[in-house]
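Predicted, not measured: the structure shown is a model, and the values here were computed from it.
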Amino acid sequence: MLAAFLFVAGLLAILVLCGRCTAKFAAEKGRSWGVWFVLGALFFPLPSIALALLPSRAQAQP
């Protein structure tokens with residue numbers, strides 16, 4: 001039981017770390033922090049790649 005609890009706690013810590021990393025990168029690009037936090041936590045490498053390919057908000061608007 002303790003091993004399962006520690007595994008889940010470690011997994012949640014990794015998810016939060018991945019979400020924060022993606023959200024900080026999104027905020028630098030002018031995107032929403034909360035939405036990209038959730039996407040980064042659930043699908044970590046893919047949202048970061050998508051953000052790298054998207055233009056920043058300042059470049060996208062005329």
Side-chain angles (χ1 to χ4, degrees):
M1 185 70 176
L2 179 62
F5 175 74
L6 291 176
F7 176 75
V8 170
L11 184 63
L12 287 176
I14 291 170
L15 289 175
V16 168
L17 183 66
C18 293
R20 276 192 57 159
C21 178
T22 304
K24 286 174 64 176
F25 185 47
E28 290 175 6
K29 302 272 272 181
R31 305 284 174 173
S32 172
W33 192 89
V35 172
W36 287 99
F37 176 83
V38 173
L39 289 173
L42 295 177
F43 310 107
F44 175 61
L46 298 177
S48 297
I49 294 169
L51 277 170
L53 296 175
L54 287 172
S56 65
R57 288 272 185 185
Q59 292 176 345
Q61 295 178 355

> Which is it for L39 and T22 under the side-chain contact (heavy atoms from CB on, under 4.5 Å) test, yes or no, and what are the steps along the way?
Replying inline: CA-CA 8 Å; L39 289 173; T22 304; 5.9 Å; no
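By the ring-ring contact (aromatic ring centres under 6.0 Å, His included) test, F44 is found to be paired with no residue, residues two or more places apart in sequence or in another chain being considered. Scored by the side-chain contact (heavy atoms from CB on, under 4.5 Å) test, L12 finds V8, L15 as partners (sequence neighbours excluded).
F43 and V38 fall within the same hydrophobic cluster, where Ile, Leu, Val, Met, Phe, Trp and Tyr residues are linked whenever their side-chain heavy atoms come under 4.5 Å apart, directly or through other members. A single hydrophobic cluster is seen to contain both V35 and L42, as judged by linkage of ILVMFWY side chains at heavy-atom distances under 4.5 Å, directly or through other members.
Between the side chain of K29 and the main chain of L54, a donor-acceptor pair closer than 3.5 Å is present.
Here L46 is tied to no hydrophobic group at all, with no ILVMFWY side chain closer than 4.5 Å.
A52 and F25 make their closest contact through N-CE2, 3.8 Å (heavy atoms, listed as atom of the first residue, atom of the second, distance). Across every non-hydrogen atom of S32 and A26, the tightest pair is O-CB, 4.2 Å. Residues R31 and W36 come closest through the heavy atom pair CB-NE1, 3.5 Å.
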